[in-house]
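Data first, discussion second: the structure below is written as structure tokens.
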Amino acid sequence: MITFIFFLRRIAFSSVTLFVASIVIFAIIQILPGDPAQLILGMNAQADTLAALREQMGLNAPFYSRYFEWVLGIMVGDFGTSYTYSVPVSELILERLWISLPLAVMALSLSTLIAIPAGVIAASRHNKWPDVSIMGFTQLGIAIPNFWFAMLLVLVFAIKLQWMPAGGFAGWDAGIGAGILSLTLPAIALALPQASILARIMRSALLDVLAEDYMRTARAKGLTERMTLWRHGVRNAFIPVLTILGLQFSFLIAGTIIIENIFYLPGLGRLIFQAIAQRDLIVLQGLVLLLVAAVIFINLLVDAAYAMVDPRIKRAYHE
Amino acid sequence: MSEFDFQGERETWGDLGRKALRNRSFFIGALITGSVLFMALLSFFWTPFDVTALDIPNKLHWPDAVNWLGTDHFGRDVFSMLMVGARNSIAVAIVAVSIGMAIGVPLGAAAAASRSWGSDVIMRTNDFIFAFPSLLLAVLFTAIFGPSAINAMIAIGIFNIPVFARLAHGGSLALWQREFILSAQTSGKSRVRITVEHIMPNLLNILIVQGTIQFSLGILIEAGLSYLGLGTQPPDPSWGKMLSEAQTMMYFASYLAIFPGIAIVFAVLGLNLLGDGLRDIFDPKLRRGR
Amino acid sequence: MSLLEIKNLCLSFGDIEILRDIDLTIEAGEAVGLVGESGSGKSITSLAAMRLLPPSAKLTGEILFDGRDLLALGENDMCRLRGRDMAMIFQEPMTALNPVKSIGDQIAEGLRFHLGISRRAAEDKVLRLLDEVGLPPARFSPHRYPHELSGGQRQRVVIAIAIAMNPKLLIADEPTTALDVTTQAVILDLLRELAAEHDSALLLITHDLAVVAQMVDRIAVMKDGEIVERGKTLEFFRDMQHPYSKKLLAASKVKPKTVSEIKPSDKPLMAVKDLTRQYRLPRQNLFAPSRYLKAVNDVSFQIEAGESVGLVGESGCGKSTLARTLLALNKPTTGKIEFLGDDLFRLSRHALLEKRRNMQVVFQDPYGSFNPRHKVGRLVAEPLQLVKNISKLGRNERVAEALMHVGLKAEDADKYPHEFSGGQRQRIAIARAIITRPKLIVADEPVSALDVSIREQVLDLLNELSVEQGLAYLFISHDLHVVRAVTDRVLVMYQGQIVEHGATASVFDDPQHEYTKKLLAATPDLQATLQRLEKERV
């Protein structure tokens, strides 16, 4: 029962957050710039073109009715129509989701697969050479901007060695293997900095746990060092790591904007960038709201996972 | 949270200085950061070549004794551009950190001191901004208000506010539980005065450490924005812009894609090491770092 | 052959020598006490026997267990020994259990490891163990998590883990120090019974002579990494040789305060009337009505000028909330506090400052009560801002005077608090409290964080100051001995209410309320234990 209420509250809180986010996004894009039509067409636009666009975008209506129209439309899947492409925004998004989503999943799994073992090794060999060298690598990994790392990958694997395509995406129709191959370098570029951060967090969380009294209790029971590490240490250290995994997702989303550009991948990130370049505000606001919703949803999932791993959480929430 | 475990010990500046000299992270970090700062300052007075002068006949020279790091497609000296670029990166990051600290710290400390519904509002708003992907919104912000270094500063600064507010809030709350704060209250000191006299000085350490980390993040985000063409505008050279220009020329002038990246890594690495070192020096309990 | 034989054990970390030539034997089934103050090396000795010290610890000498030299044993053999033949109970029940595993899993873990049985097969044994340590499975399901249990209940789980394999040796490291006295009494009984039932030898590590006397056959006293004296319990107390043992004993004896004759007046220093302070509890669900916890529930009492009043109660009884409300740091929900004739919560800010000048505080933690960035002079002078028209010179004089009153030197004003020991810091805290020449000092567990040998000096100081300056105290403590040593009257607090009050001597000698009786009975009494031992001997 308490668990159920806990989730109800989380969902309610997330909905409110999303609602506020939609207002903020709408305000930033539609109200702050003054006249969106002017922003789209630029300073030198003809008065009658402006008027026509205002009419088309419904800008003559008061802003609150424009807001509700937008939000209500989204609820039934209607994100409006793109100004530059003249196609429904939902269609644009759906098409490109099939690149961005696999890319994000690949990057996140790659980063987790590298980071967790690295963090565990570093913590269990604290201050010995494995720890020192892993920490050195992660220090470097955090400092490298992902777009530069992407360029280096292209330079080495696409230009010099010619193992992989330097960019572009032929579409999934051309074969899953080819698709995955063209997503590999971008996924690596996205994963490296995330993996570095995650490995450091895993390490420090595990070191904190290793210093806990209950680790000594476990050893006093007779458990070997290795058993204690895995059964009590890694499992408990995972709790703070989960939170970071949620945060990483939002970094990943931001990362795709740049990475998809470098590799000319027609994904959501590139769509955002194009929408900005072409001042396609309708695409932009729908897309940003969608990404924010994704972040909120992922955080909700993290909370759920959290409550499952840590029995204290339900009570802590009530105290 | 161990982050907010304040030690009962106080060290003199002499102790801290000795620890600083022995701390390798701090030493290397300070050296790197110092040299980046030096280059940036030097660029105001002297650069090997004028970065605004175009020298087309001399374009795309690979590194040699004259142009240490080569020239770009307009024949500008890459080393000189990196020096001036450092200036931009640092300026953006400093202003962004200052905005975050100047607004975030008082908000967080006030929320911890008052503990009324107002503080709830402040901290909820904070969580809300914190949940957004910061680069995404910085992109949005600069896209709407026009791409420029100033707007990049403001955009990055806004997303520093919740970072510092959270830190100040958590740290202050932990301190408000401490008995020396209660003693100060029985001495008749007001909450404002206690915040200024007791809370702030004890928060200084963690704020400095976080400041260096946000500084390095600021450099990374500025580079990203400039790379997308949303940060520093031409003709001012910036590291991110140099990389995006180099991308189209990677097949024949790969050196153009290498050096600006190294500059970014150098600056960010230096600041991160400095931050780690400072954390060790201020608080031995957090030696393990993150 | 003895069960455990420690010979010439030396231990060092780097250049720092921790233990020197420790010799200690424990026979099968015997109970031995290892007594010492914090930092004496007693816990390290037990961890060395379990081989649970970090690898940086350098050990020399011999630790023979059942004839096998543990220092020569490989880690795998050691693992088979730990938990099966020798088990350990730790001081902090709140952190000794893994918060994300159920208590049943944690008890079963050792069984499954040593016996190689399945979770299902261990289940029956877990239920029996829970029952054995007084957690009947009908009420305490093995599926519960540690955070759902109280401190005493968690310590029972730790004990269940320790006795699971019928170990030959049970090491208990300050097993009840973190618990309330009433809980301490039942846990000690349980420990004694279980050790007897399972035929386990017991090594009890403690700082408390009264506890150790009722638990063990032989005693060894440790100081600075060495065993300074040892003997059979009764002989040890009858015929103590080493000055350190004598000091410990003297410090643990109660010297009741010479009671000052103060009659209740109609103009008391402080009058608390029907005071209630409640907190809102979190709601059970979205629609449930708010529930409240009355941390302080309808409390009334008076403190006369110059009188020392004790407030006794166990953790969570509301005594600290009461203290903070008296100091006007919290507002009461209902009721009032009159101090020097005025209701504290109806005063202007300015008038309240004048009251604060007459009412100061000393807290428990000698480390937490100072801003680590300020020098002692500035710390002690802080309350002086409540005194009007005082010059810089006057300030310094007052600081020097206050420091000298508490037995420190005027020059100490220029040092930082971390340059002082715990006892000295508590003196500094007292200096800060008396600097405004107040009429009342609220002392919240002022000696609880101090070692026994230092405790006495601080209590003496408080008594002297009271006589010299006509100070009244509200002395809050969970420790009955301490209260007896410094108070004229005592209030007993239980679940937010004052259940008994009266002259200290009469409450102690002839308690009326059930709770007070229970509290007194649970408090370990060294003299009574020794008398019982004498009788048993005859």
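Residue numbers start from 1 in every chain, and the chains themselves are labelled A, B, ... in the order their sequence lines are given, proteins ahead of strands. In what follows, every heavy atom counts, from backbone to side chain, and hydrogens, waters and symmetry copies are set aside. Everything quoted here is computed from the prediction, not taken from an experiment.
- The shortest heavy-atom contact between B:His198 and C:Glu382 is NE2-OE2, 2.6 Å.
- Contact of C:Gln360 with chain B is made through the side chain alone, with heavy-atom distances under 4.5 Å.
- A donor atom on one side chain and an acceptor atom on the other are not found under 3.5 Å apart for C:Arg324 and B:Gln185.
- At most 12 non-hydrogen atoms from other residues, nucleotides or ligands lie less than 6.0 angstrom from CZ of B:Phe38.
- Heavy-atom distances place the side chain of C:Arg432, and not its backbone, under 4.5 Å from chain B.
- Contact detail for C:Gln385 and B:Gly188: the closest heavy-atom pair is NE2-C, 3.6 Å.
- Among the candidates C:Asn371, C:Val361, C:Leu327, C:Thr436, the residue making the largest number of heavy-atom pairs closer than 4.5 Å to chain B is C:Asn371.
- At least one side-chain heavy atom of C:Arg349 sits under 4.5 Å from a side-chain heavy atom of B:Ser190.
- The distance from atom OG1 of B:Thr186 to atom CG of C:Leu326, rounded to the nearest 0.5 Å, is 13.0 Å.
- The local environment of NZ in B:Lys189 is crowded, with over 12 non-hydrogen atoms from other residues, nucleotides or ligands closer than 6.0 Å.
- Looking at B:Leu182, both its backbone and its side chain come within 4.5 Å of chain C, counting heavy atoms on both sides.
- In this structure, B:Glu197 CD and C:Arg378 CZ are separated by 5.5 Å, a value rounded to the nearest 0.5 Å.
- Within a 6.0 Å radius of CZ in B:Phe27, no more than 12 heavy atoms belonging to other residues, nucleotides or ligands are found.
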